[in-house]
Amino acid sequence: MDGTISSWDLSTGVDGPGTRFVVFTCGCPLRCLYCQNPETWRMRDGRRVTADEVMAEIAKYRRFIEVAGGGVTISGGEPLLQPRFTGELLARCHEAGLHTALDTSGLLGHRAGDALLADTDLVLLDIKSSLPATYRKVTGGPLEPTLRFARRLADLGRPVWVRFVLVPGLTDAPENVDGLARFVAGLGNVERVDVLPFHRMATEKYQRLGLDFPLARTPAPGPELLDRVHGQFRAHGLVSV
């Protein structure tokens with residue numbers, strides 16, 4: 001089995017617990033205004049690799065990953081655009097005793113079979129907004145498939161970390177945050193909410209690719225806004241980090 005990836009890398013603390021080996025797959029149906037990985041948007045810009053090649057690379061770091069309490073995260077792009085390749089990587093890592101995580105928008109959750117999810121120890125579910133109009137403005141896509149996938153994960157009892165990018169003037173409306181907090185609190189399987197402050201570190205990457213970064217003039221959220229948003233999630237009994 002082979003698939004198309006942009007790269008792989010090691011990360012700590014942002015792609016699941018511990019130190020992670022992160023595979024960035026290529027191809028994404030959304031165009032989030034704050035996307036930090038525009039190089040992963042199109043399949044044709046990636047490189048073909050086999051699952052054997054990826055597993056051989058993971059093996060080089062296995063002891064380090066295990067000592068650091070980490071695992072393997074399949075990210076992107078959108079990994080569920082390549083469900084067979086993603087599923088094979090998750091299955092092989094799971095069989096090898098490595099903690100597995102899937103980072104997804106949930107838009108293509110219907111492509112994730114029960115077997116794929118059974119091999120996934122943690123889903124990092126990016127819910128961009130609770131308001132359909134805001135979600136479409138942020139991503140260009142519909143909200144409902146993500147909510148439907150979130151409910152399915154709850155029914156299956158799969159552990160989830162919800163990730164929410166906080167962008168001043170775009171996703172920070174109190175009713176947007178409160179709507180998301182109410183929805184997430186009702187699921188019962190969400191271990192935490194990661195509030196990710198918007199930043200502009202990808203600006204140069206967009207320039208290199210000849211692309212306009214839509215939020216190049218948008219500021220990062222200040223401490224007062226972050227405190228308010230964390231407080232909204234915590235008010236619903238959620239762990240907000």
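Counting begins at 1 with the first residue of the sequence.
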> Closest heavy-atom contact between Pro38 and Leu211?
Replying inline: CB-CD1, 4.0 Å
> Does a side chain donor of either Thr19 or Thr12 reach within less than 3.5 Å of an acceptor in the other side chain?
Replying inline: yes
> With sequence neighbours left out, what residues match His94 under side chain to side chain contact (heavy atoms under 4.5 Å, CB included)?
Replying inline: Thr100, Asp119, Asp121
> Does anything in residues 227-241 pair up under salt bridge (Lys or Arg N to Asp or Glu O under 4.0 Å), and if so which pairs, sequence neighbours excluded?
Replying inline: none
> Mind checking what makes salt bridge (Lys or Arg N to Asp or Glu O under 4.0 Å) contact with Glu57, not counting sequence neighbours?
Replying inline: Lys60
> Is it true that atom CZ of Arg47 has more than 12 heavy atoms of other residues, nucleotides or ligands lying nearer than 6.0 Å?
Replying inline: yes
> Between CG of Asp103 and OG of Ser75, what distance do you get to the nearest 0.5 Å?
Replying inline: 3.5 Å
> What residue pairs, at least two apart or across chains, pass salt bridge (Lys or Arg N to Asp or Glu O under 4.0 Å) with a residue in residues 89-99?
Replying inline: Asp52-Arg92, Glu88-Arg92
>> side-chain contact (heavy atoms from CB on, under 4.5 Å) for Leu117 and Phe149? Distances and angles first, verdict last.
In response: CA-CA 11 Å; Leu117 295 176; Phe149 184 55; 4.1 Å; yes
>> I'd like to check the side chain to side chain contact (heavy atoms under 4.5 Å, CB included) partners of Val14; sequence neighbours left out, ordered by chain and number.
In response: Ser11
> Would Thr73 and Asp15 count as having a side-chain donor-acceptor pair, cut-off 3.5 Å?
Replying inline: no
>> Please find the pair of heavy atoms, one from Arg158 and one from Ala118, that lie closest to each other, and give the distance.
In response: NH2-O, 3.8 Å
>> Once salt bridge (Lys or Arg N to Asp or Glu O under 4.0 Å) is applied, do any residues pair with Glu66, and if so which ones, sequence neighbours excluded?
In response: Arg62
> With Phe213, which residues qualify under ring-ring contact (aromatic ring centres under 6.0 Å, His included), at least two apart?
Replying inline: Tyr206
>> Going by the rule salt bridge (Lys or Arg N to Asp or Glu O under 4.0 Å), which residues pair with Asp212 if we only count those two or more places apart in sequence or in a different chain?
In response: none
> Is the CZ atom of Arg31 crowded by more than 12 outside heavy atoms at less than 6.0 Å?
Replying inline: yes
>> Between Leu30 and Trp41, does the side-chain contact (heavy atoms from CB on, under 4.5 Å) criterion hold? Intermediate values first, please.
In response: CA-CA 8 Å; Leu30 299 179; Trp41 286 349; over 6 Å; no
>> Evaluate Glu144 against Arg151 for salt bridge (charged side-chain N to carboxylate O under 4.0 Å, His left out), listing each step before the verdict.
In response: CA-CA 11 Å; Glu144 181 53 36; Arg151 296 186 192 103; 3.2 Å; yes
> How about Thr134 and Asn176: does a side-chain donor come under 3.5 Å of a side-chain acceptor?
Replying inline: no
> Which heavy atom of Thr50 sits nearest a heavy atom of Phe85, and at what distance?
Replying inline: C-CE1, 4.2 Å
>> If you apply the rule side-chain contact (heavy atoms from CB on, under 4.5 Å), what do you find for Thr171 with Leu166, and how did you get there?
In response: CA-CA 6 Å; Thr171 65; Leu166 178 59; 4.2 Å; yes
> Any chance the side chains of Glu78 and Thr104 put a donor and an acceptor closer than 3.5 Å?
Replying inline: yes
> Does anything in residues 124-133 pair up under salt bridge (Lys or Arg N to Asp or Glu O under 4.0 Å), and if so which pairs, sequence neighbours excluded?
Replying inline: Asp126-Arg163
> How close do Leu226 and Pro221 get, heavy atom to heavy atom, and via which atoms?
Replying inline: CD1-O, 4.1 Å
> Under the salt bridge (Lys or Arg N to Asp or Glu O under 4.0 Å) test, which residues partner Arg42, sequence neighbours left out?
Replying inline: Asp45
>> So which atom in Thr139 and which in Cys32 form the shortest heavy-atom distance, rounded to 0.1 Å?
In response: CG2-SG, 3.7 Å
> With distance as the sole criterion, is a donor-acceptor pair present between the side chains of His99 and Arg20 under 3.5 Å?
Replying inline: yes
> Going through the distances and angles, do Val184 and Phe164 end up as a side-chain contact (heavy atoms from CB on, under 4.5 Å)?
Replying inline: CA-CA 11 Å; Val184 171; Phe164 171 69; over 6 Å; no
>> Please enumerate all residues that pass side chain to side chain contact (heavy atoms under 4.5 Å, CB included) together with Pro132, with sequence neighbours excluded.
In response: Leu143
>> I'd like to check the side chain to side chain donor-acceptor pair (under 3.5 Å) partners of Arg182; sequence neighbours left out, ordered by chain and number.
In response: Asp178
